[in-house]
Structure formats: structure tokens, C-alpha cells
Protein chains: 2
Amino acid sequence: MTDSVAQGRPKIGKRERLVAAAARVFYEQGVEKTTIADIAAAADVPVGNVYYYFKTKDQFVQAVIDTHAGVLAEIVAGIEPLPGPAERLKAMVASWVEQRDLAARYGCPTGSLAAELDKRPDAFGGEPARLMSLLIDWARGQFAELGRPDAAELAVAFVAAYQGISLLANTFRDPGLMVTEGARLARWIDELAGRG
Amino acid sequence: MTDSVAQGRPKIGKRERLVAAAARVFYEQGVEKTTIADIAAAADVPVGNVYYYFKTKDQFVQAVIDTHAGVLAEIVAGIEPLPGPAERLKAMVASWVEQRDLAARYGCPTGSLAAELDKRPDAFGGEPARLMSLLIDWARGQFAELGRPDAAELAVAFVAAYQGISLLANTFRDPGLMVTEGARLARWIDELAGRG
DNA sequence: GTCTATACCACGATAGAC
DNA sequence: GTCTATCGTGGTATAGAC
């Protein structure tokens, strides 16, 4: 087998560049409004060449969902070393507040993608639900570690609070809403931990 | 002036039927995915005739926003007679829970519309924000009546909780999430009222 | 006011040269 | 593997007969 790099192998990262561009443009403009040409332009790849990597637009959607899952896993992994569940939950809130300017402009990446795909009759095969589960399941584990028997309910409320405030921050183009709600959630977690 | 009804005056309600159809189809499929032909079919009006009433798709969007504002005003008016702010807030929660099956299938009508329009560079001229303000301003008034100095913050958290749980119920196609979170919000309101 | 026919354009996707 | 040219579809919007 000859050196595949010297031959016509695809430029490394081209596929990755396309997915990253798709994730960005989907987030900024929405999936339905985005054209293949938009993605190609954002990735600086000629339109026709795109089809060598992705046959349909929905293949981009699937790839972007996988990317989001990876990002979520990274955030969770970064929080993991913290000593206790309350600290970890508050670190998650802090990471949300950190992203407040993006949220105010485009909403939560996961939430706005889910909202759009949920309108489809098949909800894109339940992929958005699987993505959202990553966050909820993690939160449930933290609340359970706090000794809460209602951990499942609290995890849903926790993520719902984030999704809701992201939508409002986006609607009002006001990152300050993320800060205020983040502080409220942090106090709430402290109360729950105190009672535990 | 001759009897305008006997002459070629537009069938009464035709414009209203178009707006109602647009509201329904936008809610079910999303704005961007919906075509003028979809709206015409849902309203049982020939496609070509639609343009006599609405020149552009965005005029439909504006009309649908106005419709939503009217529905919201009706809900608020129906709650108004209740004796106290805590009762009124809980009645609002109850109205959300009542709509759980629709929310599980299509999300919150206001929220999913806002999420989609927020992706536009101009956020549709801030119309979604005005719509959302109707709810938040009302809630702020109720929390203020409860004697809460942090009424503004609580109102945002209250509406965010609803928007968030609607998105999650939609993503998981699970109306039960609305019931659980509704009960949680009701307990929360009772606590706030007790401390007031 | 109502409706048909159609202009026009943008998009997704493909064929095939290089 | 890369890219251009293009096909077919489906959408918005208009012209104009009735």
C-alpha cells in the first residue's frame, strides 16, 4: 500500500470543517433556513464538493447532533473532578452564564436545535431527546448524590430552567437575564444541599 | 350605496380563516417549513386568492403574532376575577398543564414561535419580545401584589420554567412532564405567598 | 373579489470533466 | 478527490381572465 497522504486522500479536516461550519450556521440561522450553499461558504468549500462528504442535508443534521453530544460530554468531563454534587451543579450553571452573550443572540445550542427538529413528524428519530437526556441524566445523578429522592423531577426542573431562561434571554436579546437566573439557581442548589 | 353584502364583498371570515389556518400550521410545522400553499390548503382557500389578503408570508407571521396576543389576553382576562395573586398564578399554571398534550406534540405556541423568529437578524422587529412581555408583565404584577420586591426576577423565572418544561415535554413527547412541573410550580407559589 | 396560469428564482442533488 | 455545470423540483409572487 503506497503512502495515502501523498496520493489523492482528502485534505485532513475538510469533513470536520464542514461539520463545524454546519453547527455554527444551523445555530445562527436555524436548520430550515440554512442551505447547503451556506454551509459550503462558511466552510470555504466549493458547493459541489460538499456532496462527496454528505449526501443529504439531514446527514449534516445528524453530524451536528453528534458534535453537540461531544461538546456536552466535554463540559461534563471538565466538571467531574469537583468534590461534591452541589459544586458540580453550580459549575454547570456557571458554564451556562459564561455563554450568556451567545445565548442572548442565538439561544441554547441544544435547545434551539431540539425546538426546530421537534416540529418534524418523527422528531428526527428521537435524536434531540437523546441529546437532551445527556444533560438531564447527568443532573439526575448529581441530585441523587445529594440524597434527593426526587432527583429525576429536580433534574428536569433544572434543565427546564436553563432552557427557558435561554429562550427568554434570546427573545429579549438580554444576557443579563442569564446572570440573574444563574444566581437564583445557585441559591436553589445551596438550599437543596443544606436540607440534604 | 348599494348593499355591499349582495355585491362582491369578500366572504366574511375568509381572512380570519386564513389567519387561523396560518397559526395552526406555523405551530405544527414551524414557520420556515410552512409554504403559502400549506396555509391555503389548511384554510380551504385557493392558493392564488391568498395574495389578495396577504402580500407576503411575513404578513401572515405578523397576523399570527397578533392572534397569539389576543389569546393570551383572553386567558389573563379569564383569570382576573380570582380573589388573590397566588390563586391567579396557580390558575395560569393550571391552564398550561391543561394544554399538556399539545405542548408535548408541538411545544408552547408562543415559545416555539419566538424561538424560530429569534434566529432572524432583526428578531422580527422585536414582536416576539412584545408577545412574551404580555405574560411576564402580568406575572410581575401578580408577584408584586404578593409583596415580593423581587417580582421582576420571579416573573422571569416563572415564565422561563414554563417555556423550559414545554420544550422538554415536546422533545420527549411526554405530557407528564408538564403535570409534574406544574405541581412543583404550584408548591413554589404557595411558599412565596406564605412568606409574603 | 375570485381564481388560473405562469413567471421567476432558489434550492437540493447529480453528472461528469479534470 | 475536486469542482463546474446543470437538471429538476418546489416555492413566492404576479398578471390578468372572469
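Numbered from 1 within each chain, the chains take letters A, B, ... in sequence-line order.
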In terms of the nearest nucleotide of DNA chain C, which residue is placed more toward the 5' end: Lys33(A) or Gly48(A)?
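Looking at DNA chain C, the more 5' nearest nucleotide goes with Lys33(A).
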Checking contacts here: which listed nucleotide ([options]) is nearest the side-chain heavy atoms of [X]?
X        : options                  : result
Lys14(B) : dG12(C), dC3(C), dT12(D) : dC3(C)
Tyr51(A) : dC3(C), dA13(C), dT12(D) : dA13(C)
Thr56(A) : dT4(D), dA13(C), dG11(D) : dA13(C)
Asn49(A) : dC3(D), dG12(C), dT2(C)  : dC3(D)

Report yes if a side-chain nitrogen or oxygen of Tyr53(B) is closer than 4.0 Å to either non-bridging phosphate oxygen (OP1 or OP2) of dT2(C); otherwise report no.
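Checking Tyr53(B) against dT2(C): at least one side-chain N or O falls below 4.0 Å of OP1 or OP2.
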In whole Å, what is the span from the [atom1] atom of [X] to the [atom2] atom of [N]?
X        : N       : atom1 : atom2 : result
Asp58(A) : dG12(C) : CG    : C1'   : 12 Å
Phe60(B) : dA13(D) : CZ    : C1'   : 13 Å
Lys57(A) : dG12(C) : NZ    : P     : 5 Å
Phe54(B) : dT14(D) : CZ    : P     : 15 Å
Glu32(A) : dG11(D) : CD    : P     : 12 Å
Ile36(A) : dA13(C) : CD1   : P     : 6 Å

ILVMFWY cluster, Tyr27(A) and Val25(A) together (side-chain gap under 4.5 Å):
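Tyr27(A) does not cluster with Val25(A).
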For Val47(B) and Ala37(B), which heavy atoms make the closest approach, and how far apart are they?
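For Val47(B) versus Ala37(B), the nearest heavy atoms are CG1-CA, 3.6 Å.
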Side chains of Gln29(A) and Lys119(B) in contact at under 4.5 Å (non-hydrogen atoms)
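Heavy-atom side-chain distance check fails, nothing below 4.5 Å.
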In terms of the angle between their ring planes, are Trp96(A) and Tyr162(A) parallel, tilted or perpendicular, with boundaries placed at 30° and 60°?
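Parallel: the ring planes of Trp96(A) and Tyr162(A) meet at under 30°.
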